[in-house]
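Below is one structure, written out as structure tokens; the observations come after it.
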Number of protein chains: 2
Amino acid sequence: MELSTIEIEKAATILKLLGDKTRLTMVKMLDTNDYCVCEFVEIFKVSQPAISQHVRKLKDAGLVCETRRGQWIIYSLNKENEVLPLVASLIDHLQNQDFKLQELEKQGLRISCK
Amino acid sequence: MELSTIEIEKAATILKLLGDKTRLTMVKMLDTNDYCVCEFVEIFKVSQPAISQHVRKLKDAGLVCETRRGQWIIYSLNKENEVLPLVASLIDHLQNQDFKLQELEKQGLRISCK
DNA sequence: TCAATATATAACTATTCACTTATATAATAA
DNA sequence: TTATTATATAAGTGAATAGTTATATATTGA
């Protein structure tokens with residue numbers, strides 16, 4: 001089976017984007033669950049605009065999709081993305097981040113968006 | 001078989017490092033051949049200090065090794081690196097860069113270091 | 001020993017980046 | 001309609017980054 005390869009330049013752009021702890025964690029988390037901005041704000045302990053700016057970059061690169069649900073905007077991994085194979089194999093090497101969702105639930109902050 | 005996973009923070013550091021077109025190309029090229037600084041200078045059309053600074057960063061991260069051979073310092077991929085599995089699977093997704101070596105040879109600049 | 005070549009380091013600069021606060025937009029609920 | 005909540009955008013700031021030129025260090029060969 002042939003592996004479809006990616007241009008160096010495009011790959012470098014993706015890696016730069018994911019070479020940030022916050023965004024990389026977001027993508028790892030989005031691999032198993034969807035999240036809204038306010039949940040990320042709780043998880044990452046930074047300002048809401050900072051989170052908005054991070055997800056914007058992920059969206060601009062086509063890595064995530066957004067869906068409005070009432071006043072919340074839910075972000076999910078974009079499974080259609082051309083570079084998904086690269087991103088997926090990368091994510092596989094990362095330590096599981098489920099504990100972040102568990103913390104969120106323990107604080108009763110997960111349900112706020114459902 | 002279990003895949004050994006990497007801390008998010010460590011992975012983000014590696015991805016930031018490889019989120020640069022020049023360094024990413026270097027690593028892809030080093031996957032199949034060794035190179036010295038002067039060859040990289042020819043290939044990337046930037047100053048010699050710029051190349052030295054790039055390989056220094058790769059070396060500091062443990063991704064490459066250096067071996068002095070006369071007046072040349074040969075760089076190679078460090079196969080002992082803890083994050084090699086991540087880097088290797090990443091490299092697999094990149095377009096082949098052999099044409100750069102071929103150009104170098106066509107210009108008669110490859111042998112200068114042998 | 002001395003000139004030439006290869007590489008590294010220092011110092012500087014312009015640009016990018018991640019964050020902040022302030023404010024705008026949008027949806028919900030009283 | 002109006003207050004509240006969620007999100008986005010604008011503007012500003014300090015730190016990091018990739019490049020440059022100048023210079024130092026190290027090896028080779030005459």
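So you know, we letter chains A, B, ... as the sequences are listed, proteins then strands, and number each from 1. Atom set for the values below is all heavy atoms of this structure, side chains included, hydrogens, waters and symmetry mates excluded.
Looking at heavy-atom distances under 4.0 Å, Phe44(A) makes no contact with the nucleic acid at all. At the heavy-atom level, Lys16(A) lies under 4.0 Å from the strands shown only through sugar-phosphate atoms. Heavy atoms of Phe40(A) sit nowhere under 4.0 angstrom from any nucleic acid atom.
Nearest to the side chain of His54(B), among dA18(D), dT7(C), dT9(D), sits dA18(D).
Put simply, the side chain of Val41(B) does not reach to within 4.5 Å of the side chain of Val46(B), judged on heavy atoms.
Between Arg23(B) and dA18(D) there is a side-chain N or O to OP1 or OP2 distance below 4.0 Å.
Contacts with DNA chain C (heavy atom under 4.0 Å) in residues 56-64 of chain A: Lys57(A), listed by number.
Rounded to the nearest 0.5 angstrom, Leu94(A) CG and Met29(A) CE are separated by 13.0 Å. Between the NZ atom in Lys57(A) and the CE atom in Met26(A) there is a gap of 11.5 Å [rounded to 0.5 Å]. Here the CD atom belonging to Gln95(A) is positioned 8.0 Å from the CD1 atom belonging to Ile8(B), to the nearest 0.5 angstrom.
A donor-acceptor contact closer than 3.5 angstrom links the side chains of Gln48(A) and Ser52(A).
The CG-P distance, from Asp20(A) to dT17(D), rounds to 12 Å in whole Å. Protein atom CD1 of Ile51(B) is 14 Å distant from nucleotide atom P of dT21(D), rounded to whole Å.
Arg68(A) contributes a side-chain N or O that, together with a main-chain N or O of Gly70(A), makes up a donor-acceptor pair within less than 3.5 Å.
Sorted by first and then second residue, the pairs that involve residues 15-39 of chain A and meet ring pair (Phe, Tyr, Trp, His ring centres under 6.0 Å), not counting sequence neighbours, are Tyr35(A)-Phe40(A).
Tested against Leu58(B) for a side-chain contact (heavy atoms from CB on, under 4.5 Å), the candidates Leu77(B), Val64(B), Asn78(B) yield a single pass: Val64(B).
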Tabulate atom names and distances for all N/O pairs under 3.5 angstrom spanning the protein and nucleotides 21-26 of chain C.
none

